[in-house]
Enquirer: 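My questions will all concern the structure given below.
First listed ligand is number 1; within each ligand, the first listed atom is number 1.
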Amino acid sequence: MRHIKHAFCLSLVTLGLTACGGGGGKSTSVAASSMAPGSVAASSVIASSAPASSTPASSVAPSSVAAPSSTPASSIAPPSSFAASSSSAAATLVNLSVTSGWRGNGDGNSGITYSSDGVSFTAAGDNLGAVTDIAAPIQLEDAVFTMIVKVSSEFKSSGASLQPFAQIKGGAWAGEWDCWAGNDLFTAGSDVTITCTIAEADKKFDQTANDVQIGVQAKGTPTGVVTIKSASVTLKQKASNSSGASSSAASAYSANVNSLRELATFPIGVAVSNTDSPSYNILTNASEKTLVEKHFDQMTAGNIMKMSYLQPSQGNFTFTNADAFVDYAKSKNINIHGHALVWHSDYQVPNFMKNWSGSAADFLTALETHITNVVDHYEAKDNLVSWDVVNEALTDGTPSNFRTTDSTFYVKSGNSAVYIERAFKAARAANAGVKLYYNDYNIEQNNSKTNKMIEMVTDFQARSIPIDGIGFQMHVCLNYPTATTIAAAMKKVVDKGLMVKITELDVAINQPYCDNYPANKISAFTQTVALAQKKRYCEIVKAYLDTVPANLRGGISVWGTTNANTWLDDLYRTQFDNQKISWPLLFDSSYNDKPALRGFADALQGTACSNL
Ligand code: XIL
């Protein structure tokens with residue numbers, strides 16, 4: 001079964017990538033409240049945060065009734081040891097009263113009632129809930145709000161879920177609608193902690209001019225009663241300047257890793273966003289910079305060095321954005337792994353190539369021109385040390401073969417895989433010293449694909465086609481494939497005398513092609529899950545160290561900085577019902593360490609892999 005599931009991964013991943021478009025940008029639903037703005041402010045601000053900057057609120061026009069129709073993303077409560085802490089020096093806690101200041105929200109709500117338990121509302125329909133206000137001036141971007149809630153048995157059995165949310169008042173009503181607490185989290189009559197991180201791609205809460213209302217609403221076809229027993233907001237303190245250390249948001253977890261890269265004798269890399277994702281742009285986001293400069297000595301551009309970004313129309317090479325990124329890296333002693341010279345994925349193949357109507361010979365020349373120009377350009381910068389020359393040219397089927405009709409390159413080369421060797425030759429001709437990789441996914445677990453790849457490189461070596469190494473993307477599951485399987489695949493490459501690089505590592509907690517999804521979907525990133533992921537990261541890095549001799553280690557790169565910016569939640573947005581439940585990276589969405597970081601470090605330090 002596993003092989004069948006993963007075989008489908010090929011086409012679906014490919015389709016998904018195509019659908020993702022250039023930036024994987026997120027579409028956040030925006031809703032508005034129909035209730036008259038109230039006025040009672042939050043109580044007991046325990047400490048005050050640094051003054052905020054003044055980006056204006058979203059200009060989204062108000063609509064008449066609350067709540068988006070789509071099911072938003074999850075930011076389910078961590079267990080207490082991972083939860084927001086009021087004592088963190090970098091965070092400030094705002095306690096919200098549950099004895100006054102609340103009102104019913106949504107058309108047709110029946111108001112709220114107070115009791116010794118807290119504030120309750122009747123969940124008589126979709127989008128009905130309760131809200132309270134936090135008075136301006138308050139900076140809520142990147143804040144985390146936490147509620148302890150209890151639902152009645154009627155609510156539990158209605159199958160409804162809850163959505164914590166925040167909305168800017170004063171006319172705009174733009175909101176944070178990505179949070180979610182699914183029905184499966186609740187037990188009738190028991191307390192459940194739900195959290196929501198106010199972190200929108202467009203930073204609509206990065207302002208202090210307006211009051212904000214914070215609340216929770218029922219979703220689905222709810223009945224019964226929901227009681228909010230406590231509510232609080234942990235504010236994030238802003239970095240004092242753009243190059244200085246950013247604040248750590250509220251989190252109790254520290255991996256105690258000063259610098260991951262200092263623990264390794266080979267490159268430790270990370271994929272970063274640039275102009276393809278303005279919120280997480282490594283050149284403008286101080287938190288991204290701080291994190292990357294601390295832990296990594298290699299970067300891969302998540303998108304902006306792909307073909308259509310560098311040569312959108314024939315002969316029109318646009319290096320400005322990529323140059324800024326490469327130059328920034330150089331100023332921080334960070335090397336670049338170039339990604340990717342040739343990749344069939346539709347969104348990044350320039351139209352002039354897709355629509356090529358000339359001869360195959362001329363197409364191959366045009367392909368070589370792209371490679372020669374790009375490789376030459378970055379040879380001059382000298383911190384670009386390696387390239388993914390060709391990405392994902394093989395199929396997942398059994399037997400695996402070269403992609404055919406779904407690859408522009410195969411088709412326009414005259415229905416031939418000759419473009420692959422031509423690409424490697426052109427790259428080598430342009431730069432004699434840069435390392436040249438063939439890069440693919442599933443080659444760590446699909447024997448048929450691994451063997452086809454080995455057959456290809458054996459042929460290359462026999463015919464002196466230049467190739468230095470194999471990039472294992474390694475978008476893997478929490479429990480699959482096993483470390484033994486991964487090691488066996490890498491050994492095949494080592495046996496060819498080629499370098500092994502893990503190029504795009506992420507360990508998905510949920511992923512539609514992992515065995516646990518959707519039947520055994522993991523709804524909350526609990527401590528148990530976080531520690532399982534820690535062990536898993538450790539085992540993968542250990543498998544690499546045990547299998548690949550030092551002279552063949554091209555390094556290990558993770559595909560993204562924090563969970564907030566993982567490509568997986570975008571790729572599987574539909575299957576995930578818009579929930580952000582892959583949690584695959586080393587840092588949480590507030591730039592805090594995850595146990596996964598400790599796991600990675602454990603392997604580098606020779607500490608036994610453990611889920612403790
Ligand atoms: C992904 C990017 O991370 C997304 O932002 C984009 O929308 C799609 O491409 N394998 C690769 C990478 O080789 O280039 C892909 O990057 C992830 C899968």
Enquirer: So for ligand 1, is Asn439 a polar contact partner (N or O within less than 3.5 Å, distance only)?
Expert: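 Asn439 vs ligand 1: no N/O contact under 3.5 Å.
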Enquirer: Answer side chain, backbone, both or neither: which part of Asn391 comes under 4.0 Å from ligand 1, heavy atoms only.
Expert: side chain
Enquirer: Does atom NZ of Lys491 have more than 12 heavy-atom neighbours from other groups under 6.0 Å away?
Expert: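 Not buried by this count: 12 neighbours or fewer within 6.0 Å.
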Enquirer: I want to check a possible cation-pi pair here: Lys449 against Tyr441, using under 6.0 Å from ring centre and within 45° of the ring axis as the test.
Expert: yes
Enquirer: Please compare Gln473, His339, Glu392 and report which has the shortest non-hydrogen distance to atom 14 (O) of ligand 1.
Expert: His339
Enquirer: Regarding Glu288 and Thr561, do their side chains bring together a donor and an acceptor under 3.5 Å, going by distance alone?
Expert: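 Their side chains do contain a donor-acceptor pair, which is all the 3.5 Å distance test asks for.
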Enquirer: Using the side-chain contact (heavy atoms from CB on, under 4.5 Å) rule, take Asn510 and Tyr572 through it: C-alpha gap first, then chi angles, then the decisive distance, then the call.
Expert: CA-CA 10 Å; Asn510 292 294; Tyr572 300 121; over 6 Å; no
Enquirer: Check each of His475, Lys306, Gln348, Glu504 against atom 10 (N) of ligand 1 and report the one with the nearest heavy atom.
Expert: Glu504
Enquirer: If the contact criterion is a heavy-atom separation under 4.0 Å, does Trp343 count as touching ligand 1?
Expert: yes
Enquirer: Do ligand 1 and Trp567 have nitrogen or oxygen atoms that lie under 3.5 Å from each other?
Expert: no
Enquirer: Measure Asp276 to ligand 1 on non-hydrogen atoms and call it side chain, backbone, both or neither using the 4.0 Å cut-off.
Expert: neither
Enquirer: Only one of Tyr309, Trp387, Trp559, Tyr437 forms a ring-ring contact (aromatic ring centres under 6.0 Å, His included) with His339, so which one is it?
Expert: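 Answer after filtering Tyr309, Trp387, Trp559, Tyr437: Trp559.
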Enquirer: Less than 4.0 angstrom from a charged side-chain N to a carboxylate O is my criterion; do Lys542 and Glu539 meet it?
Expert: no
Enquirer: Would you mind running through ligand 1 and noting each atom that sits below 4.0 Å from a heavy atom of Asn303?
Expert: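 Numbered from 1, ligand 1 contributes 2 (C), 4 (C), 5 (O), 6 (C), 9 (O).
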